[in-house]
2 protein chains.
Amino acid sequence: MDVNQAIHLLKSKGYKHTDKREDMLNIFTKHKGYLTARNVLNELKDRYNGLSFDTIYRNLSLFVDLGILEETEFNGEKHYQMKCEDDRCQHLICIGCGITQNVNVRPFEDQLERSNDFKITGHKFEIYGYCSLCH
Amino acid sequence: MDVNQAIHLLKSKGYKHTDKREDMLNIFTKHKGYLTARNVLNELKDRYNGLSFDTIYRNLSLFVDLGILEETEFNGEKHYQMKCEDDRCQHLICIGCGITQNVNVRPFEDQLERSNDFKITGHKFEIYGYCSLCH
DNA sequence: ATCGATGCAAACTCTTTGCATAGCA
DNA sequence: TGCTATGCAAAGAGTTTGCATCGAT
């Protein structure tokens with residue numbers, strides 16, 4: 001999903017288009033990897049004097065609810081990135097820079113679903129390590 | 001690892017054998033799945049009047065450091081269970097009861113390590129859903 | 001003008017830490 | 001006895017919420 005699609009989705013649900021929301025979305029589309037609320041605030045605090053965590057958190061949460069961002073928790077913090085088109089997409093997460101690479105485990109999950117009596121509702125398949133640049 | 005092995009490991013590292021630690025370890029060996037600090041406290045609070053979160057947290061953290069427990073974060077809380085013998089073991093986590101099933105993704109990771117320029121240091125491969133009983 | 005968005009402040013949850021005391025070895 | 005474990009209290013971090021005001025449509 002790109003920024004325009006996301007903004008269109010917001011409007012279609014009755015939410016408003018604000019500069020802060022657009023900027024937040026731009027940050028995520030330009031950064032290939034997970035960001036925390038603090039990361040987002042740091043990116044925007046020069047542009048918006050007095051920008052508060054509340055707004056960041058509220059919008060991050062809204063974006064997740066609308067399916068624009070996906071959320072994961074590690075290192076005691078919630079991390080966000082643009083949601084993959086493929087709901088089976090999975091990540092390698094560089095613990096140096098936060099960059100993620102996608103990997104495909106669909107065949108694995110397909111096999112799992114056939115062979116197990118387990119109804120999948122969500123998953124977290126993340127491999128932590130160092131990407132080629134940080135390594 | 002069973003309770004006796006864990007206690008032996010504790011002693012060999014200069015940590016002491018206490019009733020609370022033994023009880024905590026027993027809880028984890030008897031429960032096949034993740035538990036939070038609060039879960040552990042609830043299990044023990046009748047037996048130990050005034051048992052504090054501090055002790056639970058300190059011991060959980062110690063157990064993780066010693067490789068007795070493994071830790072993961074979801075729903076805003078840290079969750080713990082006995083560490084798998086196989087360091088490539090992965091989990092299906094029932095969001096109904098917390099029970100975990102292990103699955104083997106070793107072939108997948110082996111292939112990944114060969115084909116990607118990514119140095120793996122850790123991973124979280126967890127599939128959330130409902131087990132056969134909760135389902 | 002209306003209703004959502006934001007900032008402020010406070011609260012809340014989970015977790016960690018300093019310090020004095022209790023307890024194992 | 002010596003050193004670790006524990007409880008108490010407080011602090012700390014990340015996150016959420018109530019309310020009044022600002023701002024988009």
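Residue numbering restarts at 1 for every chain, and letters A, B, ... go by the order of the sequence lines.
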Open item on the list: Using a 4.0 Å cut-off on heavy atoms, which residues in residues 3-23 of chain A reach DNA chain C? List them by number, or say none.
Closed with: A/Gly14, A/Tyr15, A/Lys16, A/Thr18, A/Lys20, A/Arg21

Open item on the list: Would you say that B/Leu9 contacts B/Tyr15 through its side chain, given a criterion of any heavy-atom pair below 4.5 Å between the two side chains?
Closed with: no

TODO: Report yes if some heavy atom in the side chain of B/Lys78 is under 4.5 Å from a heavy atom in the side chain of B/Thr72; otherwise report no.
DONE: no

Just how far, in rounded Å, is [atom2] of [N] from [atom1] of [X]?
| X | N | atom1 | atom2 | answer |
| --- | --- | --- | --- | --- |
| B/Asn49 | D/dT6 | CG | P | 16 Å |
| A/Leu62 | D/dT16 | CG | P | 13 Å |
| A/Leu41 | D/dT16 | CG | C1' | 16 Å |
| B/Asn59 | D/dG7 | CG | C1' | 13 Å |
| B/Asp65 | D/dT4 | CG | C1' | 16 Å |
| A/Ile56 | C/dA5 | CD1 | C1' | 13 Å |
| B/Phe74 | D/dT15 | CZ | C1' | 19 Å |
| A/Asn75 | D/dG12 | CG | P | 21 Å |

Open item on the list: Would a single hydrophobic cluster contain both A/Tyr34 and A/Leu69, if residues Ile, Leu, Val, Met, Phe, Trp and Tyr are joined by side-chain heavy-atom contacts under 4.5 Å?
Closed with: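 Looking at the clustering, A/Tyr34 is in a separate group from A/Leu69.
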
Task: Connected via hydrophobic side-chain network under 4.5 Å: A/Phe74 and A/Tyr80 - done: no

Open item on the list: For a quick check, with a 4.0 angstrom heavy-atom cut-off, what is the B/S/- contact string for nucleotides 11-22 of chain C, read 5' to 3'?
Closed with: ---SBBBB----

Using residues 46-62 of chain B as the side-chain source, report each donor-acceptor pair under 3.5 Å to any protein atom, sequence neighbours left out, with the distance given to one decimal.
unit_1	atom_1	unit_2	atom_2	d
B/Arg47	NH1	B/Asp23	OD2	3.0
B/Tyr48	OH	B/Asp19	O	3.4
B/Tyr48	OH	B/Asp23	OD2	2.7
B/Ser52	OG	B/Asp54	OD1	2.9
B/Ser52	OG	B/Thr55	OG1	3.4
B/Asn59	OD1	B/Arg21	NE	2.8
B/Asn59	OD1	B/Arg21	NH2	3.2
B/Asn59	ND2	B/Thr55	O	3.3

Open item on the list: At less than 4.0 Å, is any side-chain N or O atom of B/Ser52 found next to OP1 or OP2 of D/dG7? Yes or no.
Closed with: yes

Open item on the list: Among residues at least two apart in sequence or on other chains, which ones pass side-chain contact (heavy atoms from CB on, under 4.5 Å) with B/Glu22?
Closed with: B/Val3, B/Ile7, B/His17, B/Asn26

- [ ] Apply side-chain contact (heavy atoms from CB on, under 4.5 Å) to the pair B/Leu44 and B/Met24, showing each step before the final yes or no.
- [x] CA-CA 8 Å; B/Leu44 292 178; B/Met24 286 179 66; 3.7 Å; yes

Open item on the list: Checking A/Lys11 now: which residues fulfil side-chain hydrogen bond (donor to acceptor under 3.5 Å, both in side chains) with it, not counting sequence neighbours?
Closed with: none

TODO: Name all residues meeting the salt bridge (charged side-chain N to carboxylate O under 4.0 Å, His left out) criterion together with A/Asp2; count only those two or more places apart in sequence or in a different chain, and write none if there are none.
DONE: none

